[in-house]
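Read the numbers this way: they start at 1 and go in the same order the structure lists the ligands and their atoms.
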Amino acid sequence: MKLKNKNVLITGASSGIGKACAEAFAIEGANLILLARRKEKLTQLKDELSNKYSIKIHTIEADVRNYNILKKSFDELPDDFRNIDILINNAGLARGVGKIFDADLQDWEEMIDTNIKGLLYVSRIIIPKMIERDSGHIVNIGSIAGYEPYSGGSVYCGTKHAVRAISKSAAIDLNGTNIRVTEIDPGMVNTEFSEVRFHGDKNRADTVYNGVTPLFGEDIADIVIFACTRKPSVMIQSILVTPTCQANATTVCRKN
Ligand code: NDP
Ligand code: 8X3
């Protein structure tokens, strides 16, 4: 599959894995629809990528938790961007490491509303248009947390287990169409993820990556591009990827 002139929608494109995917698809000549809440980050990325590559870019400042805003933004897409070939459901977060008996309720709401409902809202709006054209590819960014629960991660792990179930069900719902569903499940990736998880505590976030060579956004983008460039009759269903120093969600070799 060639990606030149394909329209790719990336949620959570203002940072980390989503931002790296934006650049990776830009290199391939795809046109981009970049969605996130931080408008200035999106504008900066749009300027940077459109100066570097000859592609079209449309930005959407939206919160994936708000179905009505999403619907309006997608209904009002400029003509050139109306046919979305690839949807990267990447927007997501972990908030806090509270346990099942003491976690902050607001943290739980935010993770469930973003990681599960947000992904569903975007999918529910975009997939019917893919079905009309009998063409498309949905890439959901899950996590190793979707395979392995750990202490302090009950709800984050729960949301990523949900993403796995949703990806698998979607593949069954779409069986018989030409629409592919892929889930990429990373282990530790050095992005803004830990800073967000620890409510902006950068020092604490940095300790997560101390003494290790983690994955970077570019490593995940590479794999997304691989999945999206297989021939149409090949569907990569899932890829679990960790840095070499990480054996599972909680076994990490640190060299300090
Ligand atoms: P970042 O925090 O760097 O990026 C998260 C992105 O999601 C940002 O662009 C943010 O944009 C966007 N986002 C968050 N909430 C919303 C919302 N309500 N509406 C719209 N956009 C939103 O983290 P990562 O790049 O690491 O995370 C991307 C995905 O990868 C997530 O789903 C995460 O769970 C998953 N993941 C991350 C791993 C890691 O170790 N980093 C490992 C496994 C999976 P903005 O704030 O501008 O809205
Ligand atoms: C992020 C990876 O291990 O922090 O999804 O849950 S982990």
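- At least one N/O-N/O distance between Y150 and ligand 2 falls below 3.5 Å.
- Interface of I144 with ligand 2, defined as ligand atoms under 4.0 Å from a residue heavy atom, comprises 3 (O).
- With a 4.0 Å cut-off on non-hydrogen atoms, P214 does not touch ligand 1 at all.
- Under a 4.0 Å heavy-atom criterion, A145 is not in contact with ligand 1.
- Of all atoms in ligand 2, numbered sequentially from 1 with element shown, those under 4.0 Å from a heavy atom of Y156 are 1 (C), 5 (O), 6 (O).
- Residue Y156 touches ligand 1 through its side chain alone, judged by heavy-atom distances below 4.0 Å.
- Each of I223, I220, T182 was evaluated against I239; a single residue qualifies, I223, per the side-chain contact (heavy atoms from CB on, under 4.5 Å) test.
- Once rounded to the nearest 0.5 Å, the distance linking CZ of R164 with CG of N140 reads 12.5 Å.
- Using modelled atom types, no side-chain atom of N31 and backbone atom of I57 make a donor-acceptor pair closer than 3.5 Å.
- Checked by distance only, ligand 1 and I141 stay at 3.5 Å or farther apart across all their nitrogen or oxygen atoms.
- Here R197 has side-chain heavy atoms under 4.0 Å from ligand 2, and that is the only part of it that gets that close.
- The closest non-hydrogen atom to atom 18 (N) of ligand 1, taken over D63, L42, T242, comes from D63.
- Ligand 1 is never approached by K19 to a heavy-atom distance shorter than 4.0 Å.
- Atom CE of M111 sits about 7.5 Å away from atom CZ of R197, to the nearest 0.5 Å.
- Contact check for D185 versus K160: no side-chain heavy atoms found under the 4.5 Å cut-off.
- The protein heavy atom nearest to atom 2 (C) of ligand 2 is S143 OG, 3.7 Å.
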